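A quick write-up on the structure given underneath.
These numbers come from a predicted model, not from an experiment. First the proteins, then the strands, lettered A, B, ... as listed; each starts at 1.
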Amino acid sequence: MKEIKVENRREGNILSRVFDELNEFCRARSLFILHYCTGCGAIELPPVMTSRFDMERLGVQPMVTPRQADILLITGYVSIKTLKRVMLTYEQMGSPKYVIGICSCTVNGGMYWQSYATAKKLDEYMPVDLYIAGCMPRPEAIISGLRSLIRNIELGESNNWKKYYENYDYYLGNQQKLFGDEWQTPVDVIGEAEHYGLVGEGTYGEHTEILQRVQQPLKPLEMRL
Amino acid sequence: MNLSQFEAWLADIDHRIAGVEVTASNLNKRRNRVDLPADKLVLFLEAVKGEASFVHLSAISCVDWIDDGEFELVYHLWSYELNQLISAHIRVSRDPGEYQSIYDLYRPAGFFERDIHEMYGLYFHGAPDMEKFILTEWNGIPPMRKEFDSEEFVEQNFSWQEYNPEWLKELVAEGGGVVIPCEEQRFSRSVATDHGIDQQHSNWSGCDVSSKLCRIDSKYRGGD
Ligand code: SF4
């Protein structure tokens with residue numbers, strides 16, 4: 001007898017499940033990629049976006065602001081200086097958000113493994129949903145990666161963004177190792193975690209203690225003409 | 001000044017500025033190498049800019065000769081009238097590592113000198129700005145100095161993960177792929193020391209997906 005594959009859906013209240021599924025169905029069909037590129041892998045994105053491979057048929061399109069974007073594409077090596085900006089961007093994005101690491105450089109440093117200036121493992125600094133390895137991956141691979149992401153979202157399996165809240169101490173620790181103990185971002189991640197009920201075992205720790213000790217209250221920027 | 005006048009002028013320059021040594025490149029007629037003592041550089045540049053129309057300083061490069069205890073500075077000058085390049089080579093001591101700025105003669109030198117100061121720690125007196133330039137996050141020793149061991153720095157400050165998916169092993173077993181034996185690699189990395197927490201964080205399904213994608217990728221690469 002032929003086995004019928006049953007997809008693993010989430011359990012729970014039937015009604016909420018219907019809404020969740022509807023939610024995820026819609027979410028998976030309208031993904032905005034933040035227009036921000038690092039490294040050289042970005043060169044494969046124009047063909048992905050334009051008519052040859054046309055990612056818009058999957059409902060994926062570029063977006064100019066992190067506040068309205070769903071996907072953060074890291075398209076190659078990330079220098080320490082860029083990583084700071086990437087972290088600021090990532091924290092500004094609204095949840096649920098997805099990170100795709102394109103290129104070998106985001107997996108383990110790639111050909112820059114021995115450089116003092118680039119971060120090696122992207123997943124030490126933010127949770128990564130998907131890697132598309134290659135130096136650099138072809139548009140076909142990127143499209144295929146986007147399709148896997150869409151599938152994962154539909155099945156409700158792409159929840160890595162929650163890890164950032166649940167293990168904030170770990171990520172913050174790695175950031176502090178590179179940027180120094182004074183490192184702070186305008187986003188109050190701990191506050192958000194508490195607000196949305198995403199506090200996990202790793203939310204607090206020695207590194208968040210350092211943060212709370214050195215944290216300066218944010219001041220509004222001076223407005224001047 | 002035309003080209004033949006310039007050649008005569010350059011051949012004569014060592015009579016006017018002591019210690020200047022001119023070597024014309026026999027590969028490329030447009031290149032002139034000039035070696036001179038460090039204290040004669042400004043004199044030389046003034047002459048070359050004022051009399052021979054070398055108004056463009058395209059770069060200053062630096063070489064660290066750690067065994068000689070010296071930095072070599074190379075000033076690349078271009079003339080739009082003669083279409084000639086002069087590279088003026090000087091040597092300055094590595095310790096204490098200071099020299100004078102030529103910002104007053106050539107404005108772009110400000111950037112080059114700031115860059116060299118950042119990468120080699122060579123200080124230029126009279127430069128407009130010797131602050132951090134590109135490596136704003138860097139607090140260690142200047143990374144282009146020969147005594148800085150980039151590999152060791154990476155070992156100490158970053159962790160690493162092996163990327164050796166199954167499909168790659170299959171390819172290698174079939175005789176495909178490029179395998180460079182350890183002793184032929186210029187840098188060989190010792191086996192990554194994964195901390196417990198890294199393991200925990202890198203074990204999600206994403207890795208699996210990526211290996212599949214890579215297979216797709218390599219297929220397309222092979223196909224075209
Ligand atoms: S993996 Fe290759 S193409 Fe991609 S960023 Fe690194 S060096 Fe560039």
Please look at A:Ser158 and chain B and tell me whether the side chain, the backbone, both or neither of the residue comes under 4.5 angstrom of a heavy atom of that chain.
neither
Can you say whether A:Ser115 sits under 4.5 Å from chain B via the side chain, the backbone, both, or neither, judging by heavy atoms?
backbone
Cation-pi check, A:Arg27 to A:Phe25: give yes when NZ or CZ is under 6.0 Å from the six-membered ring centre and within 45° of the ring axis, no otherwise.
no
Please look at B:Asn157 and chain A and tell me whether the side chain, the backbone, both or neither of the residue comes under 4.5 angstrom of a heavy atom of that chain.
backbone
Could you check whether [Y] and [X] have their ring centres less than 6.0 Å apart?
| X | Y | value |
| --- | --- | --- |
| B:Phe158 | A:Trp113 | no |
| B:Phe148 | A:Tyr116 | yes |
| B:Tyr123 | B:His125 | yes |

